[in-house]
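Encoded as structure tokens, the structure appears first; notes follow it.
Protein chains get the first letters and strands the later ones, always in sequence-line order, with residue 1 at the start of each. Every heavy atom of this structure was used, including side-chain atoms; hydrogens, water molecules and symmetry mates were not.
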Protein chains: 2
Amino acid sequence: MQANIDESLATPSLTAQVHRRLRDDLLRGVLAPGAKLKVQALAESYGAGASPVREALSSLAAEGLVERLDSRGFRAAPASVADFDELVRARCWLEEVVLRESLLAGDPAWEEALVVAHWRLKRLIRADPAWEGAHAAFHQALLAACPSPTLRGMAETLRERAERYRAVAKSVAYPGRDVAAEHAAIAEAALAREVPRAVALLQEHYRSTAAFLREALAKR
Amino acid sequence: MQANIDESLATPSLTAQVHRRLRDDLLRGVLAPGAKLKVQALAESYGAGASPVREALSSLAAEGLVERLDSRGFRAAPASVADFDELVRARCWLEEVVLRESLLAGDPAWEEALVVAHWRLKRLIRADPAWEGAHAAFHQALLAACPSPTLRGMAETLRERAERYRAVAKSVAYPGRDVAAEHAAIAEAALAREVPRAVALLQEHYRSTAAFLREALAKR
DNA sequence: GACGCGTATTCTATCGATAAAATCTCTCGA
DNA sequence: TCGAGAGATTTTATCGATAGAATACGCGTC
């Protein structure tokens, strides 16, 4: 993404800055799901006028992180068990093809990047603040060789939506589960290009994470 | 979609109106791919101020129909053979799972809706202005039973992007091809719930349409 | 003590104006 | 003839103000 480079060099437009910070706050749960997003309040908080905020909210609405009420402004997309279940289903099905095509197209550079991402993830414990980032990077590395940027982008969008739920129930524990082993198995199957096994493992990984999260959500 | 009903009852906000008209003009090719989109000009043309236009453009950028240049405004997403090829690939892979899940989940009501959509399409010739709409409705009916609204929405987004290319080369002919027979075969396989055959036929349908369009595009 | 209605307040949606940035144009010099 | 550069012009990004909705509040009534 050269856009990132450009953004870091050139002064990002206010709209872009606000968009980024808003997204971050939504993903980290600072702006809780369902919360009303008052334009003026956000504008002050981000040190900008109403127009950039409004524009950023429009984009985020198209991305599904924000909801637009007819003429009642915006609110953070609500989170519910039903929405979460649907999200997990969509991810399993979408990544089924994205992972398959990634495995079919992956070259040696992809393999190496995946090995590195897995190595980095392995060395961290879940409590480490760096774990989240390494985890995301690992999953992204798995899919990175899929020749369709469009589908990769869609998978990324879904990953972001899922991240919101992780923030909601961040203290969740995974008793009786060895997440590291799951990652290792997925990486191994991927590097061996065993498409059906890799897909099954990945889906199982998502589904069992989902089961724990769902429980935590329901309890809230 | 109850949203549609609401929109038709309540006065749609100016932003919503502009968004809709802009999307239409982009899909119909009135605003050609790559064309510069000057905010002021659009505002006058749609009888609105700059803010609603700008907001609508932001949304459309997130949907991929419009591109945002760092601080040089917006332009209609450019069309190229490479982009088109990528789009077709993404559609084939995405609809592979969406169609499969639609076939696995379709109930009698879905079957009937599909039969109706196919019937309507069959009765029209390609030159009829209503054909485009009936064609879109048929393809949508195929996927309508997929239990994931998210994935259906993504498929819809890709369909829109593809529509733009059809507008670019609208006079294209399909010599030596029986499109109606292809649709009939797809509908038949779908109703018989023969997943692999239906998927293969659908992908073949997209790929051969793509081949003709690609040729027309390259000639331009 | 709860409900419904009219008013006050809060927010949203939208406009018009403006500074900063980008692009175009025209002139001058090699 | 071509290219560089200053200046004029266009266009973007952003702000502050405002009309119109929507919501909250308080009062009187049953």
Can you tell me how far [atom2] of [N] sits from [atom1] of [X], to the nearest Å?
| X | N | atom1 | atom2 | result |
| --- | --- | --- | --- | --- |
| B:R75 | C:dA22 | CZ | P | 16 Å |
| B:L14 | C:dG16 | CG | P | 12 Å |
| A:Q40 | D:dG16 | CD | C1' | 11 Å |
| B:L69 | C:dA21 | CG | P | 17 Å |
| B:F74 | C:dA22 | CZ | P | 15 Å |
| B:R54 | C:dG16 | CZ | C1' | 15 Å |
| A:Y46 | D:dC15 | OH | C1' | 19 Å |
| B:R68 | D:dA13 | CZ | P | 6 Å |

(request) Scan side-chain atoms only and decide if A:T150 and B:E86 contain a donor-acceptor pair under the 3.5 Å cut-off. (result) yes

(message) Checking side-chain polar atoms at under 3.5 Å, does A:H135 have a donor or acceptor matched by the opposite partner on A:Q140?
(response) no

(message) To the closest 0.5 Å, what do you measure between CG (A:L27) and CZ (A:R166)?
(response) 10.0 Å

(message) Nearest 0.5 Å, please: how far is NZ in A:K36 from CZ in A:R75?
(response) 10.0 Å

(message) Once you apply a heavy-atom cut-off of 4.0 Å, does B:L37 come out as touching a base, just sugar-phosphate, or nothing?
(response) sugar-phosphate

(message) By the 4.0 Å heavy-atom rule, please label A:S51 as base, sugar-phosphate, or nothing.
(response) base

(request) Please determine if B:R91 forms a cation-pi arrangement with B:Y206, meaning its NZ or CZ atom is less than 6.0 Å from the six-membered ring centre and no more than 45° off the ring axis. (result) yes

Counting heavy atoms from C-beta on, name the nucleotide in [options] closest to the side chain of [X].
| X | options | value |
| --- | --- | --- |
| B:S13 | D:dT12, C:dA13, D:dC15 | C:dA13 |
| B:R72 | C:dT12, C:dT23, C:dT14 | C:dT23 |
| B:S71 | C:dC15, D:dA13, D:dT14 | D:dA13 |

(message) Closest-nucleotide mapping onto DNA chain D: is A:A50 or B:K36 further toward the 5' terminus? I mean the 5' end.
(response) B:K36

